[in-house]
Each structure stands twice: as structure tokens, then as C-alpha cells.
Number of protein chains: 2
Amino acid sequence: MANIQQIAKKAGVSVATVSRVLNNATSVTPKTRSKVEHAINELNYEPSMLGRNLRNSESRQILVLLPGISNPFYSEIINGIQTTAIANNYNILLCETDSKPERENIYFNMVKNKLADGVISMDPTVNMKKLKKLAEKHPVILCSEYEKGGSIPYVTIDSELAAYQVVKHLIRLGNEKVALINSDEKFLYARLRRSGYERALKEFNLPLKSEWIYHTKNLDFQQGVQAMRMLLQLEEKPSAVFAVSDTLAIGALKAINLEPGHPSIAVVGFDNISFSNMTNPTLTTVSQPMHQMGCLAVEMLLSKMKNEKVDSIVLEHELIIRESTMG
Amino acid sequence: MANIQQIAKKAGVSVATVSRVLNNATSVTPKTRSKVEHAINELNYEPSMLGRNLRNSESRQILVLLPGISNPFYSEIINGIQTTAIANNYNILLCETDSKPERENIYFNMVKNKLADGVISMDPTVNMKKLKKLAEKHPVILCSEYEKGGSIPYVTIDSELAAYQVVKHLIRLGNEKVALINSDEKFLYARLRRSGYERALKEFNLPLKSEWIYHTKNLDFQQGVQAMRMLLQLEEKPSAVFAVSDTLAIGALKAINLEPGHPSIAVVGFDNISFSNMTNPTLTTVSQPMHQMGCLAVEMLLSKMKNEKVDSIVLEHELIIRESTMG
DNA sequence: CCTCCCTTTGTAATCCGTTACATTCATTAT
DNA sequence: ATAATGAATGTAACGGATTACAAAGGGAGG
């Protein structure tokens, strides 16, 4: 592959001029420009990004940190990220951490090494202390999971309110025994959703029973199945269940379907992943604007890169009522 | 961030020596090495990948081309790719083409630009002509979708055989009217699965009815729903359906569930995505070793990069029988 | 004590674009 | 015709690491 010198030579100009043509700088005579373009076509030249990146000290890559892509929730956000990134001439470096700290280290180093110009973290399992350290010197945006009152800008929804609305909806349908399938409460979103759950129960003077709160290890379907099985074994069974993720909720539906007698238990999920409309019954859930969140995260990151002031954003969610809460 | 010169100065050695320490070259005195390491720690130095990459003329990045990550089939392959890539000090550049040629161009240029050292394509919609052109000068591996008799090495399964086995299984269960929900037959896998479908029917002397073959626009659930609706409107309804993707099959199940009278129609999918075990009824499907496919694709690519001869691999699949074919 | 040889270390070229600054060229005003 | 002005182009330094080759250091043998 040819380099810029060869083009310059072939076109009978200097490398500076070639560079100017490449970057559509002004001040290049049409005649010169066409000479250069000719040479470029002739030699089939493509400027080396490696050289350019070194010189410009940027990689035009965005690191996207997430625990894993098996949860469709992330796929849709990534879609938004990718679209906006490409539109701005950036590429995304996908990093599934699998919640392994050693992977995190690898990726954080890539940022320090300038292999990525900024980071969008959607990983609730991220080591926030390290991330904050990184954010002191590099642009970082949190997407979905965030840190309250922290220094890193985020784009998210109001999880507490959403959970409150979900549970209120269940109560209004006549459910006095509402269980919560929550994930590990080391995650902020889990604490917030629990808090919303409790607020609604208190508001209606319903008792808070600790047996009705189940904590899962992760968000896999199977965890939802297991959680629901536990709840179904209780002496006093809940009549409704709020799961903090659609994947868990779908698992819960499965467990209910497997139960002899098919007990009628209302189920609500969270995220509105595309599957949630395919289950039987279809799943009532909270819709997050995932695509938009991805787009905004990139825009915020780009602003941050330009050293502009970036404010956090809380987007609107929506309760999507489907069959799983319609008896 | 410090550079190698500053380390050299601080440690009182030359840049060459620092570089040797960084790359654990032999022939560095323990004393010198510790001096250098000291300086590195002192200044918190991280070697710049940009400089290194330029010099080495490699990016240690692998481009992964796929139509989109919304289909969980791809997520699992990516997981395998990522694990193996990281183990070999590579990173993956995720490229959802959304089946848009202009995106493809962007990404192909990245390879020419050395922003990626090789390509793993899982995109059936890829422009094969361009990809082959690219493969002449750069390492390329096809994963899942491939080209028969083409020059690019691939890792895949025997789709024709799998489809044949699926349909045979359905026939043995007593189904004489087996429909096929296929995707666009411009894709090789679609042609192969159809071919397997036809082979089984012929073997049992069953008629091939063109009304029983439905072609979808893509693999979204909704397409499966629509396909099944069409099939249910036929005068002579099929008693079983083979969908070439779990997502389509799940849509088909949905459509059947929505139908008044809940007709009993056997359904088989393809891919064994994790959700296929959560549907009601659970879905009979063909399991592809997705994780392994991803791992192998990377290993093949690494071999190719070392200019070793790389043979294509056809992996074993497995028919997973679940409730959707159990009456 | 000197030479030879091997190991460790240093020097400088190289990878490829970008851009500040210098230079050339053409045009307009005087 | 000449100076002044501005536009177009060229020169060379620079970003940060790697490595071929050169040089220096150290030890052994005579």
C-alpha cells in the first residue's frame, strides 16, 4: 500500500499538499487537487489511520463497557451508540467485561494508551472508584447505571419512579401481595427500584414482607425461574410479581406456567425488550428509550471530548401494559 | 502522559533499553531492568499503542461484521470471539452493518487503513464480491454464513443436513404437511435449509407445496408472526412448521397462540438461543455450537494472519427436542 | 597486561501523516 | 514598473515506539 510520499512524488507536489487534499483544506488549486486525486486513484492510496492517529493523538474510537451482550436491553442501546458514533466518524470498541475486573483493567489501559478517546460505561459491575479515577483525565459517560451525585455525567431514567408506578399499578389492580424479584442491591438501579416498590406499598399501607423480596445473582432467564419457584413455595404466596428486568420476568412467567394448576399471578418486567411481546402471556413492562439513550450517551461523550460542560439527562420511561397484568 | 524518552532519561538509559524492558527482551541486566521499571512506576508510564501500532504496522484489532446484534444468535458467537481475542491480545471492533452497503464500505476501508488486522464476517448480507477482493490482501474468515467453494475459509455447520434431520423428525412424528418459514434465499444458509427440507419430503414421498414455503424479509419475531398467520389462512393448513431461525419460530408460536382454538401445530426453530427454552411451549430447535464457532473463527483468523494454511471447519449441530414438537 | 569475544547498551533510522512556518507565485494598487 | 498583499505550495519537525547496527563494557585466556 502506497504512502503519502509516493503520492506526493507521483503528483509532483509536496506531502503537505497531498495532506491538504486529503483533509479538504482550502487553499488548494483545483488543478493541483486534481493532480493529487489522480495520483491517489492511480496508486489506490488510502491514508494510514495508524500514522494519522499517532500524529493527531486520537484513535476515533469509543470504548463501550458492558457486562455482556446476551441481555437484549444492551443490544438496543448499542444500536443507538453505533449509529451516532458512525455519524460522527467514530467507531466502537465493544468490551464485554463479563464482570471480570481483570478485563476492566485491560480496557482502562486502552484508554490511557489512547486506543480509545472516551468511554461509555453501561456496566453496573464496573469498579466505580477506578472509573472515576479514569474520568479525571479522560472523557467518560455513564449510560443507564450511574452514580448518584457523582462527578461523571450520565443518561438514565428515573428507576425509582418507574418502580413506584409499576407497583402502584399492580396494587390498583387489586394485588395486596406484591413480590419483588430484584438483582443484587449493590447496583444503584436495584436499590432505586426497591425503593420505588417500598414507596408504593407504604402509600397503600401494605405490609413489607422480606420473604417477598428475592435477590438474583444475575439477570439470566434461569434466575427468574428460580426466583419464582421460591416465591411459589411460600406459605403466603404473592399475587403479583415485579421483576427488575424483562429477562427475570420472562423466567418468572415460565416458572408460573410450569406450576401445576397455573396459578394466576400478575407479572411485570422492566426494559421492554423485544421478546417481552412474544411471551405467553405478553409481558407488562417499563419501556426505556434504549436507542435514544445510546445516541445521547455518544453525544454527551463528544461534548465532553470538546471540553464542553455536560449535564446529566434523565429520560422518560413508559409503563407498557400487556396481558401479564390483565388476569 | 509520559513517553518513552522521558522514561529513558529518568532511568538514565536509552530508549532502546526501555523498549527492551517493555517487551521483556532478553539481554537486559536485572539492575538496568529495575532502574527502568522504577522510572516507569514513578512516572506512571503506559506505552502508547498509537506509536507502537504505527511502528509495528498492526492494530491488534479484529473487525467483526454482523448485520445486527438484536438476534441473540450473534451475541453468543461474539462472546466466543471476544474471549479468544482477548486471550491473544486482540480487541474486537464491532460493526453492525444493518445490511447497509455504505457501512460496509466504511469498515472495509478500516481494514485497508490497518485499523483492523483482520475480519470475521458473520453477515449474510455482505457484498461477497467486495469481501473476496478484500480477502486477497487481508485475512478474512467467514463465520456461520459462508460461500461454497469460495476462497475464504469458514467455520459453520451443515445446514442442509440439520434441516433434513429436522423435517425428518417432524415427518416421523406423523406430520405429512410440513411448512417452511425461510428467510430470503439469496443467503446460502436459506438455500441449504430449504434443500434439506426438500430432501426429507422427497425421501418420504410427500408433496412439495409452494404455499407451504414462506419467505420472510428478515429474522425479526414479527416476521415469524406474519408468516404463521399466512400459513394459518391456507385452505390446507400445515400440521408442522420448520422456521430457519428461533426468532421466526418464536413469532410463529405466538401467532399460533393467538389463533382462536389454539390449533396444534408442531414448530421447530434453529439456533437454540437462550430464549427458546422460555417459550410456551418450549421450542424444539437445532443447537449450533455458537461459542465454539466464535472461538474457532478467531483462531483461524490468527493462523491466517501468520500466513499459515487455514482449512474450513464444519462443526456438529444437535437437534434439541422440546415441547413444541410433542403435541 | 593485552587481546578476543560475548553480552549489554546506545544511536539513529523508520513507520506515516499533520501542520507551523518559510517560501514562492500571482495579482492588484500605486 | 514596482511594491504590497494574499494565496498556494513546500520544508521540516513532530508524535511514540521498535530495531538494525554500532559501540562499549566485562570476563576469560594467554
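Sequence lines set the chain letters: A, B, ... in the order given, protein chains first and strands last, and positions in each chain run from 1.
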Next item on the list: Identify whether any heavy atom of B:R52 sits under 4.0 Å from a base atom; if not, whether one sits that close to sugar-phosphate; answer base, sugar-phosphate or nothing.
Entry: sugar-phosphate
Margin query: Tell me whether the side-chain N/O atoms of B:T29 come closer than 4.0 Å to OP1 or OP2 in C:dT9.
Written below: yes
Check: If every non-hydrogen atom of B:L63 is compared with every non-hydrogen atom of B:C95, which pair is closest and at what distance?
Finding: CD1-SG, 3.2 Å
Checklist line | Atom pair CD (A:Q6) and OH (A:Y45), whose distance is rounded to the nearest 0.5 Å | finding: 9.5 Å
Notebook entry, point to check: Once you build an axis from the first five pairs and another from the last five of the helix from C:dC1-D:dG30 to C:dT30-D:dA1, how far apart in angle are they, to 10 degrees?
Noted result: 50°
Note to self: Pick the closest DNA chain C nucleotide for B:V28 and for A:L22 by heavy atoms, then say which residue is nearer the 5' end.
What the structure shows: B:V28
Check: Under 4.0 angstrom, heavy atoms only, what part of the nucleic acid is A:L54 near: base, sugar-phosphate, or nothing?
Finding: base
Next item on the list: Could you tell me whether B:V15 contacts a base, only the sugar-phosphate backbone, or nothing, with contacts defined as non-hydrogen atoms closer than 4.0 Å?
Entry: base
Notebook entry, point to check: When rounded to the nearest 0.5 angstrom, what is the spacing between CD in A:E136 and OG in A:S151?
Noted result: 7.5 Å
Check: To the nearest 0.5 Å, how far apart are CD1 in B:I157 and CE in B:M290?
Finding: 10.0 Å
Check: Which listed nucleotide (C:dC15, C:dT11, C:dT19) is nearest to the side chain of B:R55?
Finding: C:dC15
Margin query: As an exercise, state the distance from CG of B:N53 to CG of A:L115, rounded to the nearest 0.5 Å.
Written below: 6.0 Å
Check: When you look at B:S183 and B:Y189, which way does the side-chain hydrogen bond (donor to acceptor under 3.5 Å, both in side chains) test go after all the steps?
Finding: CA-CA 9 Å; B:S183 65; B:Y189 80 91; 2.8 Å; yes
Check: What integer distance in Å separates A:N3:CG from C:dT18:C1'?
Finding: 14 Å
Check: Is there a side-chain contact (heavy atoms from CB on, under 4.5 Å) between B:L94 and B:I78 once you walk through the steps?
Finding: CA-CA 9 Å; B:L94 187 75; B:I78 290 176; 3.8 Å; yes
Next item on the list: Apply salt bridge (charged side-chain N to carboxylate O under 4.0 Å, His left out) to B:K132 and B:E147, showing your working.
Entry: CA-CA 10 Å; B:K132 274 157 84 173; B:E147 201 202 28; 3.2 Å; yes
Next item on the list: Would you grab the first and last nucleotide of DNA chain D (5' to 3') that comes under 4.0 Å of any non-hydrogen atom in chain A?
Entry: D:dA8 to D:dG16
Next item on the list: Using atom CD1 of A:I7 as one end and atom P of C:dT18 as the other, report the distance to the nearest whole Å.
Entry: 13 Å
Notebook entry, point to check: Can you tell me how far P of C:dT9 sits from CZ of B:R33, to the nearest Å?
Noted result: 10 Å
Check: Hey, does A:N23 reach any base, or is it just sugar-phosphate, or nothing, if we go heavy atoms under 4.0 Å?
Finding: sugar-phosphate
Check: Looking for any heavy atom pair under 4.0 Å, which part of the strands does B:S57 touch: base, sugar-phosphate only, or nothing?
Finding: nothing
Item checked: Nearest-angstrom distance from the residue atom CD of A:Q5 to C1' of C:dG17 -> 8 Å
Item checked: Sugar-phosphate, base or nothing in reach of A:N53, heavy atoms under 4.0 Å -> nothing
Checklist line | Sugar-phosphate only, base, or nothing, as touched by A:S19 at under 4.0 Å among non-hydrogen atoms | finding: base
Note to self: Assuming nearest nucleotide by heavy-atom distance, tell me which of B:G51 and B:R20 is located more 5' along DNA chain D.
What the structure shows: B:G51
Next item on the list: Would you check if B:Y107 and B:L134 make a side-chain contact, meaning some heavy-atom pair closer than 4.5 Å?
Entry: no
Notebook entry, point to check: Does a side-chain N-to-carboxylate-O contact under 4.0 Å join A:E102 and A:K100?
Noted result: no
